[in-house]
2 protein chains.
Amino acid sequence: MGAVKGSSPKTSKGTLGKDQFGEYLKHILRLEHVSSPVSTSALSESMKVAPSTVTDMLKRLAGKKLINYVPYHGITLTPEGEKLAVKAIRRHRIVERFLTDMLGFEWHEAHEEALLFENDISDEVERRLYSALNRPKVCPHGYPIPTKVEDVLVEEVTLYSLEPGEQAEVMSVKDDDPEMLRFMASLGIKPGVKVKVEVKDPFKGPMQTMVGKQKRTVGWHLANAVFVKKLR
Amino acid sequence: MGAVKGSSPKTSKGTLGKDQFGEYLKHILRLEHVSSPVSTSALSESMKVAPSTVTDMLKRLAGKKLINYVPYHGITLTPEGEKLAVKAIRRHRIVERFLTDMLGFEWHEAHEEALLFENDISDEVERRLYSALNRPKVCPHGYPIPTKVEDVLVEEVTLYSLEPGEQAEVMSVKDDDPEMLRFMASLGIKPGVKVKVEVKDPFKGPMQTMVGKQKRTVGWHLANAVFVKKLR
DNA sequence: CTTGAAATTTTGACTAACCCAAATTATAAT
DNA sequence: ATTATAATTTGGGTTAGTCAAAATTTCAAG
């Protein structure tokens with residue numbers, strides 16, 4: 001019953017597969033933005049897998065020419081790898097947007113729901129999804145939907161960096177903690193909202209702020225998960 | 001980095017997993033409709049895998065109590081298995097509908113695109129998809145979107161069974177051959193369309209028919225892939 | 001009631017993606 | 001030069017899927 005099964009296509013040239021490659025690439029791209037080359041331990045922590053697992057994966061990624069891997073000296077993305085990473089991030093954000101805009105999910109659910117099937121849709125579905133959504137510029141958490149590396153990066157001015165009296169617009173928020181997102185939503189913090197710092201306690205203490213027209217107290221952790229653009 | 005990885009949730013009680021279980025269950029349900037219990041060879045042919053592969057799978061399916069498996073004597077679905085099979089079919093048809101209605105895919109593409117990610121979406125996404133689609137009754141090929149076994153079955157009166165002079169409405173068409181679907185579309189054959197047989201050649205010869213207002217010649221194979229409801 | 005073909009299962013492997021702990025080895029900083 | 005830390009290797013493990021070939025069972029025909 002031979003048939004057409006045998007050799008699987010897999011992650012062939014410019015395609016995202018069912019594997020974890022996309023996930024790894026996403027993390028590498030983000031980490032590289034912080035410090036390049038990326039260390040095994042950084043990836044291990046970020047991916048929440050053992051260092052030995054990472055080393056394994058690096059060898060496979062290197063085999064596919066997606067990363068430059070110098071044992072003991074960290075890795076960088078190859079142009080190919082970078083392209084795929086951007087593609088994976090783009091897809092994730094489009095799917096998130098689909099989940100919130102077309103299916104009515106809350107933003108704290110979108111991230112994890114997207115992870116479930118984003119790696120299995122075809123490029124064509126992604127394209128059509130994007131069109132059907134009206135070619136949005138950002139994901140529900142305010143991050144850009146990129147076409148190239150430069151688009152991925154975001155101004156990382158945190159709410160916490162503001163001083164009393166300063167005003168700003170929320171641009172994006174950390175998207176990986178559903179509980180925090182839920183809480184942020186309850187405070188009215190989301191992309192597009194205007195904030196103004198009134199009081200800032202020392203020693204990483206909480207801030208008294210205006211979120212829109214509401215008085216809100218915001219702790220250090222949360223204030224560091226909110227990215228803003230200063231106004232005036 | 002122990003974390004929460006270890007034991008995977010997998011196909012736990014009433015849930016469809018990433019595995020092939022859903023696919024097998026779908027096929028078993030269909031085959032059981034034809035003749036029950038279902039034989040290994042029938043499944044092997046239908047799934048396009050070797051008989052030994054099927055036997056393996058049957059043991060796993062039986063382990064999960066989804067089928068009643070008597071070695072050498074075929075299988076039947078357990079109530080559980082039947083429920084899951086219906087669920088898998090329902091999901092497939094909802095996703096197909098999503099692809100055609102919301103993303104504009106052609107019906108011949110929908111089937112295969114759906115297969116790519118239908119097993120990875122959560123129940124919640126399925127539910128919301130269904131609502132967003134306005135709770136449709138059938139898939140793009142005219143098959144019902146079921147909630148229970150009885151809904152899955154379809155009247156199997158083929159276009160070929162009609163005699164000259166008889167009129168009918170197309171209810172559904174075989175959904176598993178993209179090329180045939182494409183050709184059907186080119187002839188204007190799709191669910192809802194009215195057909196009338198004018199001439200029927202003997203020896204499995206072609207039929208002269210009216211499809212809507214168009215004169216069409218339809219061969220035996222195609223005429224047997226079109227299911228109709230007689231009119232008047 | 002035997003026999004043999006057909007159907008089915010078992011056996012023994014294989015691939016591919018993951019993943020980990022423990023032992024070993026390399027690097028870099030003192 | 002020493003040593004702590006980081007990284008890799010070694011040696012396992014799992015799950016999911018697949019197959020060909022050998023062995024077994026069934027069933028129907030004689």
Side-chain angles (χ1 to χ4, degrees), chain A residues 1-12 15-25 27-28 31 35 37-64 66-76 115-116 119-120, chain B residues 1-12 15-25 27-28 31 35 37-64 66-76 115-116 119-120:
Chain A
M1 263 284 75
V4 212
K5 292 278 169 177
S7 51
S8 37
K10 289 293 121 67
T11 311
S12 60
T15 302
L16 261 357
K18 270 185 179 299
D19 44 48
Q20 286 298 97
F21 284 6
E23 265 336 279
Y24 273 85
L25 292 176
H27 284 248
I28 294 168
L31 292 170
S35 95
V38 176
S39 69
T40 300
S41 46
L43 242 186
S44 158
E45 198 172 318
S46 158
M47 289 289 299
K48 296 183 195 309
V49 294
S52 55
T53 303
V54 172
T55 304
D56 258 23
M57 213 51 121
L58 294 184
K59 282 188 277 194
R60 288 204 268 143
L61 253 4
K64 293 251 191 289
L66 299 176
I67 59 173
N68 303 301
Y69 174 38
V70 185
Y72 294 105
H73 294 279
I75 62 192
T76 56
L115 250 18
L116 293 179
N119 290 309
D120 302 295
Chain B
M1 260 283 81
V4 210
K5 291 277 169 174
S7 52
S8 36
K10 288 293 119 69
T11 311
S12 60
T15 301
L16 259 358
K18 270 185 178 298
D19 43 49
Q20 285 298 96
F21 284 7
E23 255 352 87
Y24 274 86
L25 293 175
H27 284 248
I28 294 168
L31 292 170
S35 94
V38 175
S39 70
T40 301
S41 46
L43 243 187
S44 158
E45 197 171 320
S46 157
M47 290 289 299
K48 296 184 196 308
V49 295
S52 54
T53 304
V54 172
T55 304
D56 260 22
M57 213 50 120
L58 294 183
K59 282 187 277 193
R60 289 204 265 143
L61 253 5
K64 293 250 191 290
L66 299 176
I67 60 173
N68 302 302
Y69 175 38
V70 184
Y72 294 103
H73 294 279
I75 61 191
T76 57
L115 251 17
L116 293 180
N119 290 309
D120 301 294

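Convention: sequence-line order gives letters A, B, ...; per-chain numbering from 1. Keep in mind it's a predicted model, so treat the numbers as computed, not measured.
Rounded to a whole Å, the CG atom of L43(B) is 14 Å from the P atom of dG17(D). The nearest whole Å value for the distance from the CG atom in D19(A) to the P atom in dT15(C) is 18 Å. If you take CZ of F21(B) and P of dT15(D), they are 11 Å apart, rounded to a whole angstrom. Atoms CG (N119(A)) and C1' (dA16(C)) sit 16 Å apart, rounded to a whole Å. dA17(C) atom P lies 16 Å from atom CD of E23(A), rounded to whole Å. Rounded to whole Å, the distance from CE on M57(B) to C1' on dC19(D) is 13 Å. For Q20(A) and dA17(C), the CD to C1' distance is 9 Å, given to the nearest whole Å.
A distance-only check finds no donor-acceptor pair linking the side chain of S35(A) to the backbone of L31(A) [under 3.5 Å].
Between I67(B) and L58(B), the shortest heavy-atom contact is CD1-O, 3.4 Å. Across P37(B) and G74(B), no two heavy atoms sit closer than the pair CB-C, 4.0 Å.
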>> Walk along nucleotides 6-11 of chain D from 5' to 3' and tag each nucleotide B, S or - by protein heavy-atom contact under 4.0 Å, base first, then sugar-phosphate.
In response: -SBB--
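Separation of atoms CG (L61(A)) and CZ (F21(A)) is listed at 5.5 Å; rounding is to 0.5 Å. Rounding to the nearest 0.5 angstrom, the gap separating the CD atom in Q20(B) from the CG atom in L25(B) is 11.0 Å.
Checking the phosphate oxygens (OP1, OP2) of dT15(D), no side-chain nitrogen or oxygen of R60(B) falls inside 4.0 Å.
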